[in-house]
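Down below is the structure, laid out as structure tokens.
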Amino acid sequence: MGLGEECALHNGSSKRKSGIFWKPAGDHRLFTRYDGNPILKAKDWPYPANSVFNPAAVLVNGETLLMVRVEDHRGFSHLTVARSRNGYDDWKIDKHPTFPADPENYPEEEYGIEDARITYIEDEKQWYIAYTSFSSSGPLPSLARTRDFKDFKRLGAVLPPENKDAALFPVRFNGKWALIHRPVAGGLTKANMWISFSSDMKQWGDHQVLLYAREGGWWDANKIGLSPQPLRTEKGWLVMYHGVRRTTSKMSYKLGLALLDLEDPTRVLKRTDEWVFGPRELYERVGDVNEVVFPCGWIADGDEVRMYYGGADTCVALATASMKEILDYMERC
Ligand code: BMA
């Protein structure tokens, strides 16, 4: 049986009969967990931390750089950089929080900052970090930029709460920057992924739904959100998103893929019917929040895709895939 023989051809906005043409694709074989998982734990940290998880990931001068969400013993998060030559082991962790919350100057960061996604903007030779500020009115997306992951310049909050899971594309479309994000309308249990545009990265508009959460029994029914930053491939922008499914006993976070048009990222070309990765190992199933795999970064290094994810809101883990296999899989969708 091949991987993913049948996938949805739509963005989930229209009703369809489920199951008619569906053939099982096997047990999420696109991604292979690294034997040395989890790669980072709170006890590895050079200063006291409750948990380390949901890392952003980018290649900086050939070195893998993770911006790890670190939760302190108040329950507030900040971001700290860990670097490795090979992306697998021998991590060098900054001795102090690299990017702490700054609630004095940015009140929206009152309860900390979480879940960074990093995008390199070639035009500016700078890294842009989209992260979640945890304000007293709820979570919202903020942006900051850096050239060296030592000095950071905040752009501040870019969209109002409740909203999270934001990441920038590395290029402009018709002169405008594009941001994926995930607003939640007051009291609703349903949340879709949106895309918005801006000419200065500060004022965002032209808001539209990018991907709808499905309904009913689907693994990605009700609530979805972007996971790592969009990756440019020859077939389109590769997007990985999480779906949250609530059952009687638990909530479960799983991951699926979509492909967006290279010229017009509002056009969804492909979307997987099945999840491609979900909680299976103990470090993904049991932790501060059970049943969670949550990547905020991935790196395409030749054909190898390395996905860095949080396990159960407690540790950092790694899974790898072949880009060719991912794109072949998407092609069959
Ligand atoms: C989501 C995000 C993630 C977290 C996940 C599971 O809403 O806040 O940071 O890993 O919940 O708790």
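In each ligand, atom 1 is the first atom listed, and ligand 1 is the first ligand listed. Note that the numbering runs from 1 along the sequence shown for the chain.
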When you look at Phe99 and Val81, which way does the side-chain contact (heavy atoms from CB on, under 4.5 Å) test go after all the steps? CA-CA 8 Å; Phe99 190 60; Val81 164; over 6 Å; no
Shared hydrophobic cluster for Phe152 and Val58 (ILVMFWY, side-chain gaps under 4.5 Å): yes
Side chains of Tyr128 and Gln229 only: does a donor on one sit below 3.5 Å from an acceptor on the other? no
Where ligand 1 meets Asp115 - atom numbers and elements under 4.0 angstrom, heavy-atom basis: 2 (C), 3 (C), 9 (O)
When distances are taken from atom 7 (O) of ligand 1, the protein heavy atom at minimum range is Lys164 NZ, 3.2 Å
I'd like to know whether ligand 1 has His242 as a neighbour, heavy-atom separation below 4.0 Å. no
Here the atoms of ligand 1 under 4.0 Å from any heavy atom belonging to Val289 are 12 (O)
Shortest non-hydrogen pair, Arg214 vs Thr272, comes out as NH2-O, 2.7 Å
Filtering Phe294, Tyr309, Tyr253 for the heavy atom nearest atom 11 (O) of ligand 1 leaves Tyr253
Determine whether the side chains of Asp303 and Ser322 contain a donor N or O and an acceptor N or O closer than 3.5 Å. yes
Side chain, backbone, both or neither: Asn54 near ligand 1, heavy atoms under 4.0 Å: side chain
Protein heavy atom at shortest distance from atom 12 (O) of ligand 1: Asp313 OD2, 2.7 Å
For Trp219, which of Tyr241, Phe277, Tyr253 qualifies under ring pair (Phe, Tyr, Trp, His ring centres under 6.0 Å)? Tyr241
Would Met251 count as a contact residue for ligand 1, given that I'm defining contact as a non-hydrogen atom of the residue lying under 4.0 Å from a ligand atom? no
